[in-house]
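Here the structure comes first, spelled out in structure tokens, and everything after it is commentary.
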Amino acid sequence: MEAGKITPRAQDYAQWYQDVIKEGDLAQPAEVVKGCMVIKPHGYAIWEKIQKDLDRRFKATGHKNAYFPLLVPMSFIKKEAEHVEGFAPELAVVTHAGGKELDEPYVIRPTSETIIGHFFAQWIQSYRDLPLLINQWANVMRWELRTRMFLRTGEFLWQEGHTAHATHEECIEEVMRMLDVYGDFAETVMAMPVVKGRKTDWERFAGALSTFTIEAMMQDGKALQAGTSHDLGQNFGKAFGVKFQSKEGKEEFVWQTSWGVSTRLIGGLIMTHSDDNGLVLPPKLAPIHVVIVPIFKNDDERTKTLAAAEKIAAELRALRYSDEPLDVEIDRRDGMSPGQKYYHWERRGVPYRMEIGPKDLEKSSVALKRRDGGPKTFVPMADVAKQIPGLLEAYQNELLAKAKAFRDANSVKADSWDDLVKALDQNKFVYARWAGDAALAAKLKEIQATVRCMPLDAQADPGPCILTGKAAEKRVLIAKNY
RNA sequence: CGGGGCAUAGCUCAGCUUGGUAGAGCGUCUGGUUUGGGACCAGAAGGCCGCAGGUUCGAAUCCUGCUGCCCCGACCA
């Protein structure tokens, strides 16, 4: 009778997460390839929406797409000392090809700083070649010991921006610009509020001078690193000889950045909005905005309700939301009860469901129901279509407001270690003063927490460090994390 | 990679302790009746019981190895 039960969040959050993915038809474990996943059409459609929006933002900030090889010579990875140390444990290596052992193994890219560095060295000679602003949409592989769908898989899809600049100042500007792009995207498109901040030295990207992050709060109170932007300094420039002649005729190494977001965003999306009935999608990322369910008992009603559905669908498709045509689907399936169809689309997170049955035809109205609950509303058929974009926008805004309210309600300040531990036990975001002593990492590890970041918008709030009691100027964000 | 759990029909699972060659519910297909929050009746199809060995006259069941998934930990987007 009831297909596809979804475990309530309160009962088992991890199981709920998997149920939502399965019932929402987003993805499944690859099962014949360890740690990898198959992203199913509905899940991939969400990724395509993410890509489309981000790509537009990248282009708008002057970047151009390019593509570099999947395989990276092993020697490249080794050229930057910290980089190789950071990535060595998770490299997948190709040792044979064409039936022969290779002279030099290739690694399947875990990220592309090295191979891009190699080519940047060829492309850049003069300050006139700078800045060089490149982005790549690609798959990468990191051999993870523990995987979770979307959040951490052996292979994942992402974009990696790689830029080269003449000065460190320009480089830092770029790092912050792209962090802002990510932050704005997360909030306005994903409706997922984030804390922008700088990573501690021990959570820096391997090979970077500094790493900046956007951190989001999931419904279980854990933090998710949703995107990163790195100031690579001249580390890769030096390792790969990426040099340019300055205006003054001096030879200098370029300053580089890299920044990326991945399919992990979909995991964040799920854990920000979805509920015990399954997937909830913000309209801006929903592959289908409105599903129309015609209700009929016989051929005559079928013909009439479908005709009405077609008419409204056509009106809707002529409209736009968020610079894109509305995506509308009519569920024409026979032999399936309306109720069954409701569940079907609900689990897939479609923002609005429209019901058109004989009663509606009589009244020249339709029944509208928003995915996140509330009663059905009845809207005159004549103007329902033109109301939809506004309704979607309101829904989008409410999802963000709700997520923000949740995060704020679960964020606290702590001024003693006891309070910190107590708050972390309740899975809160905790803001505490810290004077910079690296010993904090180990101490937090004992309670499965980490410094997520040093928030960029932190106000001066001098006081004793929560760890050492030394004078600290600002608070950092501490939380459990994915 | 360590500890724990799991793997039987598309899905959820029973059968395993005490070996005898595979079941239920849901889903699917075919009719018919139905259809405003998971319909009903009748009939049917569907499984190398994760893979490979071993023990045995005989293995879903016992033993070993492997693979994959889930949870916890260590490591990480």
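Just so it is clear, the values below take in all heavy atoms, side chains as well, and ignore hydrogens, waters and symmetry mates. Order of the sequence lines fixes the chain letters, A, B, ..., with proteins taken first and strands second; residue numbering starts at 1 for each chain.
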A:K422, NZ atom: more than 12 neighbouring heavy atoms under 6.0 Å: no
Can you tell me the base-pairing partner of B:G73? Count Watson-Crick or G-U wobble geometry only, both distances below 3.5 Å, and say none if there is no partner. B:C1
Can you tell me how the ring of A:W259 sits relative to the ring of A:H63, calling it parallel under 30°, perpendicular over 60° and tilted otherwise? perpendicular
Rounded distance (Å) that lies between atom C1' of B:U12 and atom CD1 of A:I6: 14 Å
Please give, in whole Å, the distance from B:G68 C1' to A:M149 CE? 13 Å
Is there a donor in the side chain of A:W137 and an acceptor in the side chain of A:D55, or the other way round, less than 3.5 Å apart? yes
What are the residues of residues 213-237 of chain A, sorted by number, that bring a heavy atom to within less than 4.0 Å of RNA chain B? A:Q225
A:F378 and A:V366, any side-chain heavy atoms less than 4.5 Å apart: no
Considering heavy-atom distances to RNA chain B, does A:N481 or A:H344 have its closest nucleotide positioned more toward the 5' end? A:H344
Tell which nucleotide pairs with B:C6, taking only Watson-Crick or G-U wobble pairs whose two distances are both under 3.5 angstrom. B:G68
Rounded distance in Å - CD1 (A:I447) to P (B:A74): 12 Å
Return the value, rounded to whole Å, for the distance between atom CZ of A:R204 and atom P of B:A77. 12 Å
Return the value, rounded to whole Å, for the distance between atom CG of A:L145 and atom C1' of B:C70. 16 Å
Tell me the partner of B:A45, counting only Watson-Crick (N1-N3 plus N6-O4 or O6-N4) or G-U wobble (N1-O2 and O6-N3) with both under 3.5 Å; none if nothing fits. none
Would you indicate what A:Q18 reaches in the nucleic acid, counting non-hydrogen atoms under 4.0 angstrom: base, sugar-phosphate, or nothing? sugar-phosphate
Taking a pair as Watson-Crick or G-U wobble with both distances under 3.5 Å, which nucleotide is matched to B:G38? none
B:C63 and B:A7: how far apart are their P atoms, nearest whole angstrom? 14 Å
Verify the neighbour count for atom CZ of A:F58: are there more than 12 heavy atoms of other residues, nucleotides or ligands below 6.0 Å? yes
Contact check, side chains of A:F429 and A:L477, non-hydrogen atoms, under 4.5 Å: yes
Which one is paired to B:U61, where only Watson-Crick or G-U wobble pairs with both distances under 3.5 angstrom count? none
What are the atom names and distances for every N/O pair under 3.5 Å that joins the protein to nucleotides 28-35 of chain B?
| from | atom 1 | to | atom 2 | distance (Å) |
| --- | --- | --- | --- | --- |
| B:U35 | O2 | A:M336 | O | 3.4 |

Between A:E144 and A:A30, who's closer to the 5' end of RNA chain B by nearest nucleotide? A:A30
Taking a pair to mean Watson-Crick or G-U wobble geometry with both distances below 3.5 Å, B:C11 pairs with B:G25
Hey, does A:E346 reach any base, or is it just sugar-phosphate, or nothing, if we go heavy atoms under 4.0 Å? base
I'd like to know if A:E346 and A:R348 make a salt bridge, using a cut-off of under 4.0 Å between side-chain N and carboxylate O. no
Would you mind classifying the nucleic acid contact of A:T153 as base, sugar-phosphate or nothing, using non-hydrogen atoms under 4.0 angstrom? base
Using the C1' atom as the point on both nucleotides, what is the distance between B:U8 and B:G4, in whole Å? 22 Å
Taking atom types as modelled and ignoring hydrogens, do the side chains of A:S112 and A:Q136 form a donor-acceptor contact shorter than 3.5 angstrom? yes
Salt bridge or not for A:E315 and A:K311, using N-O below 4.0 Å? yes
Looking at every strand, decide which applies to A:E31 at a 4.0 Å heavy-atom threshold: base, sugar-phosphate, or nothing. sugar-phosphate
Could you give the CH2-to-P distance, from A:W202 to B:C75, as a whole number of Å? 14 Å
Just call it for A:E90: base, sugar-phosphate, or nothing, with non-hydrogen atoms closer than 4.0 Å on any strand. sugar-phosphate
State whether A:K445 places a side-chain N or O below 4.0 Å from either non-bridging phosphate oxygen (OP1 or OP2) of B:C75. yes
ring centroid sep under 5.5 Å plus plane angle under 30, A:Y343 with B:G38: yes
Considering every strand and a 4.0 Å limit on heavy-atom distances, what is the contact class for A:R333: base, sugar-phosphate, or nothing? nothing
Considering every strand and a 4.0 Å limit on heavy-atom distances, what is the contact class for A:K199: base, sugar-phosphate, or nothing? nothing
Taking CD from A:E203 and C1' from B:A77, how many angstroms apart are they, rounded to a whole number? 12 Å
Between A:D220 and A:R9, is the closest basic N to carboxylate O distance under 4.0 Å? no
Pair A:K404 + A:E187, salt bridge at N-O below 4.0 Å: yes
Nearest whole angstrom, please: distance from the P of B:G10 to the CG of A:D25. 17 Å
Does any residue of residues 32-40 of chain A have a heavy atom under 4.0 Å from RNA chain B, and if so, which ones, in number order? A:K34, A:G35
Between A:K22 and A:D19, does any NZ, NE, NH1 or NH2 come within less than 4.0 Å of an OD or OE carboxylate oxygen? no
